[in-house]
Amino acid sequence: MIKPLRGMKDLMFEDAERFVYTIKTAIEIAKRYGYSYIETPILEETALFKRSVGDSSDIVSKEMYQFEDKGGNDVCMRPEGTAGVVRAFVSNKLDRQPVKQKFYYYGPMFRYERPQKGRLREFHQFGCESFGEASVYEDFTMITMISQIFEALGIGFDLKINSLGCPECMPPYRENLVSFLTNIKEELCTDCNRRIDTNPIRVLDCKNEKCQSLLKESPKLTENLCETCQSDFQKLTALLDDAGIAYEVDTNLVRGLDYYNKTAFEFVSNEIGAQSAIAGGGRYDKLVEYLDGKPTPAVGFAIGIERIMELVKMPKKQKEGIYMGAMTPEAVEHLFPLAAKKRKETKVTVEYTPKGFKTHMKGADKAGARYALLIGEDELKNGTVWIKDLETKEEKTITLEAF
RNA sequence: GUAGGCGUAGUUCAGUUGGUAGAGCACCUGUUUGUGGCACAGGUUGUCGCGGGUUCGAGUCCCGUCGCCUACCCCA
């Protein structure tokens with residue numbers, strides 16, 4: 001028996017309904033904020049992710065489904081959504097137009113990791129990218145939108161925010177940090193020692209308790225921001241306060257992807273195991289340039305669908321449609337024209353096998369139908385059908401024509 | 001890659017100190033050839049993950065292997 005690959009799942013029945021409902025809800029809200037749908041390829045040139053997500057990131061350095069295609073191209077299944085959307089933004093020359101663009105997308109992402117709760121090799125994200133808006137108002141609006149999506153889905157969350165600075169204030173801070181870290185190098189874990197060279201900011205995010213206590217004295221990002229970054233961050237917190245959105249400033253919050261700057265945020269849930277991030281995002285003002293576009297400020301985020309699926313509160317399922325059955329073999333074919341007619345407006349389940357009355361009624365329940373329509377000997381003789389409303393229990397017998 | 005846990009019917013699991021498998025749910029049929037969701041009665045389903053070893057005999061013990069889950073790491 002062939003089974004799905006490790007970390008990949010089939011989705012059906014109740015789970016599939018939750019999935020569709022979740023995406024649908026997110027789309028509806030994103031549209032209200034002016035986002036339009038964008039679909040980009042799952043397979044992209046590997047260079048795209050190396051340049052955007054970053055060579056030193058775990059995602060690129062060890063988690064990509066990367067291979068050579070039959071034409072000898074170095075290609076890669078997308079490990080995240082932003083890079084592809086930015087690439088599309090640039091390759092379609094939208095960066096040359098002085099128009100702000102907002103896109104939403106959803107679809108599968110691939111990372112070759114060890115699966116665990118909330119982490120699959122093929123997983124799905126819903127995300128938004130906003131291009132051309134430099135104002136922190138947009139960061140705020142985006143966070144508001146995510147809150148609204150989670151609220152609509154009945155999901156509780158904690159919000160963490162941070163500022164990662166800009167090319168003006170980040171490099172000096174970075175040097176500062178590196179010298180601090182170098183001093184305590186011997187006491188830091190091996191991972192952190194590696195990170196000092198590759199991506200020192202990530203050290204701040206180390207989960208190791210020993211490292212964390214040593215880092216208490218470290219220079220803080222938020223205390224070393226330039227004037228603009230500082231005032232934007234303050235404005236963001238003020239806007240969130242006014243909007244009544246609870247948040248926590250987490251100076252150790254570092255996004256795992258290299259392209260972020262200024263605002264970074266993460267929505268977490270404490271109900272879903274160790275992989276608690278249910279949404280993450282932030283500003284990436286330099287990425288369009290990195291990918292050969294004209295300088296364009298941008299903000300974006302992504303929601304992990306699988307991570308929120310079990311938290312989604314679904315609306316109650318209603319009985320729906322009509323179950324049709326016959327009790328004699330001759331009557332079966334009378335069902336088809338009726339079904340064809342009703343399928344123009346509602347769900348119809350037709351049972352082809354003639355069965356006893358009781359069995360049909362059970363079948364109607366199982367199908368979740370609102371109405372049961374049966375044709376038996378009497379109905380066949382009289383040219384009528386028998387219909388029962390399974391909720392109100394009302395029943396009636398009417399002619400075929402009247403149906 | 002590392003660590004721990006687990007692999008027995010469609011599913012959730014039980015299986016005592018080794019004696020060739022069981023329960024609930026689900027499914028099918030019936031209890032009334034015409035009133036469902038309930039109840040009752042009956043019935044179907046297993047290479048006990050795979051391979052090897054010990055033994056008269058292994059679901060049970062030993063070794064190996066594969067798979068799943070959880071956690072580290074990292075992130076959505």
Side-chain angles (χ1 to χ4, degrees), chain A residues 1-9 13 22 26 53 56-63 78-82 106-127 146 157 189-192 194-195 199 202 205-209 253-257 260 264-269 272-282 300-309 319 323 325-328 353-372 374-380 386-391 393-397:
Chain A
M1 182 169 44
I2 297 175
K3 290 187 287 189
L5 294 169
R6 172 175 287 165
M8 310 211 172
K9 290 266 185 291
F13 306 123
T22 303
V53 178
S56 66
S57 70
D58 280 24
I59 292 177
V60 169
S61 63
K62 53 187 189 196
E63 295 173 1
R78 65 181 180 196
E80 60 100 45
T82 301
Y106 61 92
M109 308 295 163
F110 300 84
R111 293 183 197 173
Y112 196 85
E113 297 181 89
R114 208 65 195 265
Q116 67 182 73
K117 192 173 175 61
R119 190 171 70 189
L120 295 167
R121 287 184 173 179
E122 180 185 20
F123 62 101
H124 297 77
Q125 289 186 336
F126 173 89
I146 302 165
F157 60 83
C189 71
T190 52
D191 275 332
C192 284
R194 176 178 52 82
R195 291 184 189 119
N199 199 349
R202 292 218 50 81
D205 205 25
C206 184
K207 300 290 193 298
N208 189 312
E209 281 179 30
L253 172 65
V254 178
R255 314 266 60 239
L257 295 73
Y260 286 109
F265 56 83
E266 201 165 284
F267 287 72
V268 297
S269 164
I272 53 168
Q275 305 305 314
S276 59
I278 55 177
F301 76 91
I303 296 174
I305 303 300
E306 282 83 356
R307 292 210 179 151
I308 62 169
M309 280 261 281
K319 283 184 190 296
Y323 171 99
M327 285 142 82
T328 68
T353 315
K355 291 179 179 175
F357 183 87
K358 202 157 192 173
T359 313
H360 274 311
M361 292 305 278
K362 284 183 182 171
D365 278 328
K366 209 160 294 168
R370 171 74 190 267
Y371 299 95
L374 298 181
I375 301 180
E377 276 176 29
D378 295 347
E379 288 79 12
L380 189 63
W386 174 90
I387 303 170
K388 178 164 186 172
D389 183 328
L390 266 16
E391 232 154 55
K393 301 186 197 304
E394 287 172 61
E395 52 188 275
K396 57 187 176 181
T397 300

For atom P, what is the distance between B:G24 and B:A41, given to the nearest Å? 11 Å

Are any non-hydrogen side-chain atoms of A:E379 and A:L374 less than 4.5 angstrom apart? no

Would you please name every residue forming a side chain to side chain donor-acceptor pair (under 3.5 Å) with A:D389, sequence neighbours left out? A:R370, A:T392

C1' atom, B:G46 versus B:A26: distance in rounded Å? 16 Å

When we call it a touch if two heavy atoms are under 4.0 Å apart, what does A:E113 touch: a base, just sugar-phosphate, or nothing? base

Nearest atoms (heavy-atom pairs only) where A:A372 meets A:A364: CB-CB, 4.0 Å

Results of salt bridge (Lys or Arg N to Asp or Glu O under 4.0 Å) for A:K62 - residues two or more places apart only: A:D58

Here the distance between atom P of B:A76 and atom CD1 of A:I278, to the nearest Å, is 13 Å

Hits for ring pair (Phe, Tyr, Trp, His ring centres under 6.0 Å) against A:Y323, two or more places apart or cross-chain, chain-then-number order -> A:H360

Assess whether atom NZ of A:K396 is packed by more than 12 heavy atoms of other residues, nucleotides or ligands within 6.0 Å. no

Once side chain to side chain donor-acceptor pair (under 3.5 Å) is applied, do any residues pair with A:T82, and if so which ones, sequence neighbours excluded? A:E129, A:Y259

Treating A:R307 as the side-chain partner and A:G118 as the backbone partner, does any N or O pair qualify as donor plus acceptor under 3.5 Å? yes

What is the distance, to the nearest angstrom, from the OH atom on A:Y323 to the C1' atom on B:G36? 11 Å

Taking only the P atom of each, what is the distance from B:G19 to B:G57 in whole angstrom? 14 Å

For A:E395, which residues count as a salt bridge (Lys or Arg N to Asp or Glu O under 4.0 Å) partner, sequence neighbours excluded? A:K388

To check you understand the geometry: which heavy-atom pair defines the closest contact between A:P354 and A:T328, and what is its length? CB-C, 3.8 Å

P atoms of B:G49 and B:G10, separation to the nearest Å: 13 Å

A:F13 has an atom CZ; how far is it from atom P of B:U11, in whole Å? 13 Å

Expressed as a whole number of Å, how far does the C1' atom of B:U17 sit from that of B:C61? 12 Å

Spacing of the C1' atoms in B:C48 and B:G59 (rounded, Å): 5 Å

Expected rows: protein N/O vs nucleotides 45-50 of chain B N/O, under 3.5 Å:
none

A:I387 and A:E394: CA distance, side-chain angles, deciding distance, side chain to side chain contact (heavy atoms under 4.5 Å, CB included) verdict: CA-CA 8 Å; A:I387 303 170; A:E394 287 172 61; over 6 Å; no

A:H360 NE2 - B:G36 C1' separation (whole Å): 13 Å

To the nearest angstrom, the CZ-C1' distance between A:R121 and B:C73 comes to 14 Å

With a 4.0 Å cut-off on heavy atoms, is A:A364 in touch with a base, just the backbone sugar-phosphate, or nothing at all? nothing

Round to the nearest Å and state the distance from A:D58 atom CG to B:C72 atom C1'. 13 Å

When you check the phosphate oxygens OP1 and OP2 of B:A26, does a side-chain N or O of A:K366 lie under 4.0 Å from one of them? no

Test item: A:E80 and A:V53 side chains (from C-beta on) under 4.5 Å apart, heavy atoms: yes

A:E266 meets the side chain to side chain donor-acceptor pair (under 3.5 Å) criterion, sequence neighbours left out, with A:R255

Show the distances under 3.5 angstrom between N or O atoms of the protein and N or O atoms of nucleotides 68-70 of chain B.
| unit_1 | atom_1 | unit_2 | atom_2 | d |
| --- | --- | --- | --- | --- |
| B:C68 | OP2 | A:R6 | NE | 2.8 |
| B:C68 | OP2 | A:R6 | NH2 | 2.8 |
| B:C69 | OP1 | A:K9 | NZ | 3.0 |
| B:U70 | OP2 | A:K117 | N | 2.9 |

Residues passing the side-chain contact (heavy atoms from CB on, under 4.5 Å) test with A:L120, sequence neighbours excluded, are A:K9, A:F123, A:E306

With A:Y106, which residues qualify under ring pair (Phe, Tyr, Trp, His ring centres under 6.0 Å), at least two apart? A:Y37

Please measure how far the P atom in B:G64 lies from the corresponding atom in B:G43, and state the result in whole Å. 44 Å

Between the protein and nucleotides 32-35 of chain B, which nitrogen or oxygen pairs come in under 3.5 angstrom?
| unit_1 | atom_1 | unit_2 | atom_2 | d |
| --- | --- | --- | --- | --- |
| B:U32 | N3 | A:K358 | NZ | 3.2 |
| B:U32 | O4 | A:K358 | NZ | 2.8 |
| B:G34 | O6 | A:D378 | N | 3.4 |
| B:G34 | O6 | A:D378 | OD2 | 3.4 |
| B:G34 | O6 | A:E379 | OE1 | 3.1 |
| B:G34 | N1 | A:E379 | OE1 | 3.1 |
| B:G34 | N1 | A:E379 | OE2 | 2.9 |
| B:G34 | N2 | A:E379 | OE2 | 3.1 |
| B:U35 | O2 | A:K388 | NZ | 2.8 |
| B:U35 | O2 | A:E395 | OE2 | 3.3 |
| B:U35 | N3 | A:E395 | OE1 | 2.7 |
| B:U35 | N3 | A:E395 | OE2 | 2.9 |
| B:U35 | O4 | A:W386 | NE1 | 3.4 |
| B:U35 | O4 | A:E395 | OE1 | 2.4 |

Whole-Å distance between B:G36 C1' and A:D365 CG? 4 Å

Distance check, C1' atoms only: B:G53 and B:U60, in whole angstrom units. 15 Å

Between CD1 of A:I272 and P of B:A76 the distance, given in whole Å, is 13 Å

Could you write out RNA chain B as dot-bracket? Rules: Watson-Crick or G-U wobble, both distances under 3.5 Å, brackets [ ] for crossings, | for pairs with another strand, dot for unpaired. (((((((..((((.....[..)))).(((((.......))))).....(((((..]....))))))))))))....

